[in-house]
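What follows is a set of notes on a single structure, which appears directly below.
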Protein chains: 2
Amino acid sequence: MSQVPQISDAEWEVMKVLWSSSPRTANEVVEALEAHTDWNPKTIRTLLSRLVQKQAISYSQEGKVYAYFPVVSEDECVKSETASFLKRIYGGAFKPLLVNFLKEEKLSPEDIKELKVILDDKSKE
Amino acid sequence: MSQVPQISDAEWEVMKVLWSSSPRTANEVVEALEAHTDWNPKTIRTLLSRLVQKQAISYSQEGKVYAYFPVVSEDECVKSETASFLKRIYGGAFKPLLVNFLKEEKLSPEDIKELKVILDDKSKE
DNA sequence: ATTGATTGATTACATATGTAATACTTTATT
DNA sequence: AATAAAGTATTACATATGTAATCAATCAAT
């Protein structure tokens with residue numbers, strides 16, 4: 001059973017808003033998204049509806065309006081998306097992605113230090 | 001200009017076949033995919049056509065049939081897909097993905113060693 | 001109470017994708 | 001040469017997605 005529903009790109013933006021803080025009314029979501037998108041409020045309401053249908057979020061009647069909140073955790077979704085991404089692109093293996101991208105990406109010395117600490121911790125498990 | 005076209009999940013499987021060895025005729029692609037998919041040959045031909053339209057692949061008349069080959073490199077595509085994945089899920093930052101997944105994934109001691117070596121090399125740059 | 005504004009529900013429409021079937025051409029076979 | 005087989009091109013159709021508009025219900029203001 002696939003715990004988490006398929007969440008599209010646009011829907012994902014809405015989820016991020018709700019994950020960062022919820023419950024929020026449709027208007028609050030619209031406001032939050034105005035900053036970095038130019039979506040019509042109608043569009044955002046459509047996305048909210050679709051996410052409700054998909055049972056990615058839900059809502060409660062707060063006073064006169066709906067207040068939306070996630071029912072799937074960011075963690076679950078990130079994990080699931082990453083897994084399907086890895087499967088698709090790298091045949092499911094995590095290390096090739098790491099190797100590939102560690103080489104490509106610009107990481108600050110601090111980042112590198114942090115990652116090494118994590119790796120050290122893992123060796124001790 | 002987005003160098004690489006959008007390649008869907010199903011199309012990606014076809015690309016992988018052609019990246020692994022090309023040119024190949026439609027039939028050869030079908031054969032290669034029979035192993036791990038149950039797609040109808042007609043479906044695979046549709047995917048080939050769409051990839052031609054998208055200019056992800058091209059073909060030449062080899063004898064009596066077409067021989068398909070990629071015109072976009074796997075590297076480009078992987079890079080582009082990974083970038084859009086990162087943007088979507090992690091807001092474009094690579095490190096959070098790393099941190100998240102280094103914690104989650106089971107990596108062998110050898111893997112960890114290898115990754116540390118890469119990180120060490122990077123510190124020296 | 002009626003009217004206008006706001007919110008929520010329903011409908012719309014184009015493009016993408018999964019998944020083929022059908023039609024048309026060219027090659028091979030009798 | 002006529003027909004069958006194989007390959008290519010065109011068409012099909014449902015679901016997903018981006019992107020709203022319109023309709024209906026509710027709340028607020030006169």
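Note on naming: letters A, B, ... go to the chains in the order of the sequence lines (proteins, then strands), and numbering restarts at 1 for each one.
- Comparing B/Y59 and A/E11 by the nucleotide of DNA chain D that holds the closest heavy atom to each, the one mapping nearer the 5' end is B/Y59.
- Rounded to an integer number of Å, the gap from B/Q53 CD to C/dT17 C1' is 13 Å.
- Judged as a side chain to side chain contact (heavy atoms under 4.5 Å, CB included), and not counting sequence neighbours, the contacts of B/T25 are B/N27, B/E28, B/V65.
- Of the possible donor and acceptor atoms, one in the side chain of B/D111 sits under 3.5 Å from a partner among the backbone N and O of B/S108.
- Between the CD atom of A/E62 and the C1' atom of C/dT6 there is a distance of 18 Å, given to the nearest Å.
- Among residue pairs with one or both ends in residues 73-93 of chain B, those qualifying as ring-ring contact (aromatic ring centres under 6.0 Å, His included) are A/F85-B/F85; sequence neighbours excluded.
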Using a 4.0 Å heavy-atom cut-off to protein, can you give one letter per nucleotide of nucleotides 19-26 of chain C, 5' to 3': B if the base is in contact, S if only the sugar-phosphate is, - if neither? BBBBB---
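- Ionic pairing of A/K54 and A/E11 is present here: one or more N-O contacts between side-chain nitrogen and carboxylate oxygen are shorter than 4.0 angstrom.
- Heavy-atom distances under 4.0 Å link DNA chain D to no residue of residues 12-33 of chain A.
- Here the P atom of nucleotide D/dT17 and the CG atom of A/L48 are 16 Å apart, to the nearest Å.
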Residue pair A/M15, A/V72: steps toward the side-chain contact (heavy atoms from CB on, under 4.5 Å) verdict: CA-CA 9 Å; A/M15 291 305 292; A/V72 291; 3.8 Å; yes
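- In this structure, the side chains of B/K113 and A/L119 stay at 4.5 Å or more apart for every pair of heavy atoms.
- Here the closest non-hydrogen pair linking A/V4 and A/S80 is CG2-OG, 3.2 Å.
- The CZ atom of A/R45 sits 22 Å away from the P atom of D/dT17 (whole-angstrom rounding).
- Listed by chain and number, the residues in a ring-ring contact (aromatic ring centres under 6.0 Å, His included) with A/Y59 are A/Y66, A/Y68 (sequence neighbours excluded).
- Spacing between atom CD of B/Q6 and atom P of C/dT17 amounts to 7 Å, rounded to whole angstrom units.
- Residues meeting the salt bridge (charged side-chain N to carboxylate O under 4.0 Å, His left out) test with A/K42, sequence neighbours left out: none.
- Annotation: salt bridge (charged side-chain N to carboxylate O under 4.0 Å, His left out) contacts of B/R88 (sequence neighbours excluded): A/D9, A/E81.
- Partners of A/E76 under the salt bridge (charged side-chain N to carboxylate O under 4.0 Å, His left out) rule, at least two apart in sequence or in another chain, do not exist in this structure.
- Scanning residues 69-82 of chain A for heavy-atom distances under 4.0 Å to DNA chain D yields an empty list.
- From one end of the helix from C/dA1-D/dT30 to C/dT30-D/dA1 to the other, with five pairs defining each end axis, the axis direction shifts by 30° (rounded to 10°).
- Here ring-ring contact (aromatic ring centres under 6.0 Å, His included) pairs that include residues 19-43 of chain A, with residues two or more places apart or in two chains, are A/W12-A/W19.
- For B/E114, the salt bridge (charged side-chain N to carboxylate O under 4.0 Å, His left out) test picks out A/K95, with sequence neighbours left out.
- A close approach under 4.0 Å does not occur between any side-chain nitrogen or oxygen of B/S49 and OP1 or OP2 of D/dA9.
- With rounding to whole Å, A/Y66 atom OH is found 11 Å from D/dC27 atom P.
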